[in-house]
Amino acid sequence: MKKKLAVVMSVLLTLGLVLSVAGCGTTQNSAKSNASNTKKKVGIIQIVEHPSLNTIRDSIINELAAQGYKDGENITIDYENAQGDQTNLKTISQKFVNNKYDLIIAIATPSAQAVVSETKDIPVIFSAATDPVGSGLVKDMNNPGGNVTGTSDRVSAEKIMELAKRITPNIKTVGALYNSSETNSVAVIDNLKDYAQKNNITVVSATVTNSSEVQQAVNSLVGRVDAIFSPIDNTIASAMPLVAQTANKAKIPVYVGADSMVKDGGLATYGINYTILGKETANMAVEVLKGKKAGDIPVKTMTDMDIYVNQGTADTIGVKLPEDVLKQAAQVFGK
Ligand code: TRP
């Protein structure tokens with residue numbers, strides 16, 4: 001009887017020990033997860049995959065790490081891509097807001113518009129918004145106020161057209177290829193229309209509302225224009241190889257808003273460096289993570305512009321790139 005009791009006792013003791021060890025483990029685990037809960041959460045939202053936006057995203061994440069903010073170590077970075085879909089943009093924005101992220105970085109105008117309409121409290125830093133005021137992101141570039149600031153990649157349609165005329169001087173009609181619901185594009189197209197009016201150039205518009213309409217829009221310009229102009233448009237950029245294929249076959253020069261669109265087969269641009277823009281965006285993010293109010297940071301516009309050309313495209317469409325243009329170019333793609 002005594003022996004039995006001793007056995008039962010020792011079983012109970014062992015059980016107790018096991019339980020308390022397990023309990024101990026649990027305590028440790030919850031301490032650990034509490035620690036990770038205090039890590040600041042940064043949400044990055046991107047409208048669509050295209051090379052320029054991917055460059056910006058990578059540059060932001062690399063620069064944050066370079067400044068000591070490493071994903072999984074001292075901050076959590078949650079990256080989401082809306083695959084070009086407005087409904088996804090809303091869902092992702094709401095997820096970041098409802099889960100009380102500490103900072104939201106929105107790459108490109110449509111993402112920024114979606115986030116800004118969901119929160120007036122969480123700091124939002126937009127990246128590469130062409131026209132932050134016209135797009136309703138901020139009221140004043142120098143004094144944004146509220147919870148929003150960011151970087152702008154405003155380019156000049158006039159400067160791009162001046163470059164276009166150095167390469168292909170006989171432009172009488174230009175096709176404007178863009179998504180009319182992207183306010184970032186509309187801003188640049190308005191600038192194109194002003195330039196065209198002053199220079200006796202006719203603008204033929206070919207607008208799309210999503211990437212599935214791009215092919216048809218390009219087709220509609222073939223035979224009617226001397227050149228195609230496409231601004232910093234996310235929908236066109238994501239379908240740029242297709243645009244280039246059709247236009248280059250028809251031997252129409254395509255002038256664009258960004259270097260990546262030249263790399264993907266456009267003929268030329270006068271544009272900004274998106275790796276630098278990504279770094280500037282990360283600098284702002286660091287300021288906010290350190291406690292500064294987003295609205296107290298002025299919107300940053302990139303002032304350094306460079307010429308980018310595509311030699312392969314020039315060869316395909318039978319255009320000779322002038323020596324001085326080639327000399328000035330920051331990068332010659334397609335050699
Ligand atoms: N400026 C665009 C916007 O406001 C985003 C963008 C950045 C972009 N780089 C680009 C669009 C290159 C097309 C191509 O949404």
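Since the structure is predicted, the reported quantities are computational estimates derived from the model, not experimental observations.
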Where do Ser152 and Met141 come nearest, in terms of heavy atoms and distance? CB-CE, 4.4 Å

Same cluster (ILVMFWY, side-chain, under 4.5 Å), Val225 and Ile160: no

Atom pair NZ/CD1 of Lys251 and Ile317 - distance to nearest 0.5 Å: 8.0 Å

Minimum side-chain heavy-atom gap Phe229-Val188 below 4.5 Å: yes

Checking the side chain of Asp71 only, and the main-chain atoms of Ile77 only, is there a donor and an acceptor separated by less than 3.5 Å? yes

Go through the steps to decide whether Glu49 and Asn54 satisfy the test side-chain hydrogen bond (donor to acceptor under 3.5 Å, both in side chains), and finish with yes or no. CA-CA 7 Å; Glu49 292 275 340; Asn54 296 347; 3.1 Å; yes

Would you check if there is a donor-acceptor pair between the side chains of Gln331 and Asp259 at a distance under 3.5 Å? no

Are any side-chain N or O atoms of Asp264 and backbone N or O atoms of Pro241, one a donor and one an acceptor, separated by less than 3.5 Å? no

Would you mind listing every ring pair (Phe, Tyr, Trp, His ring centres under 6.0 Å) that reaches into residues 239-288, with sequence neighbours excluded? none

Is the shortest side-chain heavy-atom distance between Asp306 and Asn273 below 4.5 Å? no

Residue pair Thr235 / Asn179, side-chain donor-acceptor N/O under 3.5 Å: yes

With clusters defined by side-chain heavy atoms of hydrophobic residues (ILVMFWY) lying less than 4.5 Å apart, directly or transitively, does Val174 cluster with Ile228? no

Could you tell me which non-hydrogen atom of Ala129 sits nearest to which non-hydrogen atom of Thr109, and how far apart they are? CA-OG1, 3.5 Å

Criterion side-chain contact (heavy atoms from CB on, under 4.5 Å) on Arg57 and Tyr79, from CA distance to verdict: CA-CA 9 Å; Arg57 177 197 62 217; Tyr79 162 70; 2.8 Å; yes

Should Ile75 and Lys40 be marked as a side-chain contact (heavy atoms from CB on, under 4.5 Å) after you check the CA-CA gap, both sets of side-chain angles, and the distance that decides it? CA-CA 5 Å; Ile75 56 166; Lys40 293 214 165 149; 4.2 Å; yes

Just checking, is any N or O donor in the side chain of Asn283 or Glu287 under 3.5 Å from an acceptor N or O on the other one? no

Minimum-distance pair of heavy atoms, taken over all atoms of Val116 and Leu137: CG2-CD2, 4.1 Å

Would you compute the distance between atom NZ of Lys39 and atom CG of Asp102 and round it to the nearest 0.5 angstrom? 12.5 Å

Take Asp121 and Asn147, measure what side-chain contact (heavy atoms from CB on, under 4.5 Å) needs, and give me the verdict at the end. CA-CA 6 Å; Asp121 310 309; Asn147 61 323; 5.7 Å; no

Would you confirm whether Ser238, through its side chain, and Asn234, through its main-chain N or O, come within 3.5 Å as a donor-acceptor pair? yes

Do Ile307 and Val262 land in one hydrophobic cluster if side-chain heavy atoms of ILVMFWY residues count as linked below 4.5 Å? no

If you measure from NE2 on His50 to CG on Asp233, what distance do you get to the nearest 0.5 Å? 8.0 Å

Please check: side-chain N/O of Glu158 versus main-chain N/O of Leu192, any donor-acceptor pairing under 3.5 Å? no

Chi angles and distances behind the side-chain hydrogen bond (donor to acceptor under 3.5 Å, both in side chains) call for Asn210, Ser212: CA-CA 6 Å; Asn210 63 59; Ser212 71; 2.5 Å; yes

Donor + acceptor pair across side chains of Asn98, Glu118 (<3.5 Å): no

Are more than 12 heavy atoms, taken from residues, nucleotides or ligands other than Lys95, located less than 6.0 Å from that residue's NZ atom? yes

Search all heavy atoms of Thr151 against all heavy atoms of Ser127 and return the closest pair with its distance. OG1-CA, 3.3 Å

Quick check for you: to the nearest 0.5 Å, what is the distance between Thr301 atom OG1 and Asn142 atom CG? 8.5 Å

For Arg166 and Glu162, indicate whether the former's side chain and the latter's backbone hold a donor-acceptor pair under 3.5 Å. no

Closest non-hydrogen atom pair, Leu89 against Ala114: CB-CB, 3.8 Å

Check against side-chain hydrogen bond (donor to acceptor under 3.5 Å, both in side chains), Asn88 and Glu80: CA-CA 9 Å; Asn88 290 346; Glu80 301 266 3; over 6 Å; no

Are the charged groups of Lys41 and Asp78 less than 4.0 angstrom apart, N to O? no

Close side-chain approach of Asp226 and Thr168, heavy atoms under 4.5 Å: no

Neighbour count >12 (heavy atoms, 6.0 Å) for atom NZ, Lys165: yes

d(Met261 CE, Thr269 OG1) to nearest 0.5 Å is 8.5 Å

Report the residues that fulfil ring pair (Phe, Tyr, Trp, His ring centres under 6.0 Å) with Phe96, sequence neighbours left out, ordered by chain and then residue number. Tyr101

Establish whether Leu267 and Val222 are linked, either directly or via other cluster members, by ILVMFWY side-chain heavy-atom contacts under 4.5 Å. no

Does Ile272 reach the side chain of Asp304, with side-chain heavy atoms less than 4.5 Å apart? no

In one Ile/Leu/Val/Met/Phe/Trp/Tyr side-chain cluster, 4.5 Å: Ile252, Met240: yes

Looking just at side-chain N and O atoms, do Asp324 and Gln328 make a donor-acceptor pair shorter than 3.5 Å? no

Can a donor-acceptor pair be found, under 3.5 Å and without considering hydrogens, that links the side chain of Thr246 to the backbone of Leu242? yes

So, do Ile107 and Leu53 sit near enough that their side-chain heavy atoms are less than 4.5 Å apart? yes

Below 3.5 Å, can you tabulate the donor-acceptor pairs from side chains in residues 194-209 to any protein atom, sequence neighbours excluded?
{"from": "Asn199", "atom 1": "ND2", "to": "Tyr195", "atom 2": "O", "distance (Å)": "2.8"}
{"from": "Thr209", "atom 1": "OG1", "to": "Glu213", "atom 2": "OE1", "distance (Å)": "3.1"}
{"from": "Thr209", "atom 1": "OG1", "to": "Glu213", "atom 2": "OE2", "distance (Å)": "2.8"}

Could you grab the distance from atom CG of Asn74 to atom CG of Leu64, nearest 0.5 Å is fine? 10.0 Å

A side-chain contact here means heavy atoms from C-beta on lying under 4.5 Å apart; do Met284 and Lys300 qualify? yes

Say whether, by atom type as modelled, one donor and one acceptor occur between the side chain of Asn248 and the main chain of Thr313 under 3.5 angstrom. no

Please find the pair of heavy atoms, one from Ala294 and one from Val288, that lie closest to each other, and give the distance. CA-CG2, 4.0 Å

Is there a side-chain contact (heavy atoms from CB on, under 4.5 Å) between Val332 and Leu326 once you walk through the steps? CA-CA 7 Å; Val332 180; Leu326 280 170; 4.0 Å; yes

Less than 4.5 Å apart, any side-chain heavy atom of Ser156 and any of Asn191? yes

Scan side-chain atoms only and decide if Gln83 and Asp85 contain a donor-acceptor pair under the 3.5 Å cut-off. no

Is the shortest side-chain heavy-atom distance between Thr149 and Val138 below 4.5 Å? no

Check the side chains of Gln113 and Thr183 for a donor-acceptor pair under 3.5 angstrom, ignoring hydrogens and angles. yes

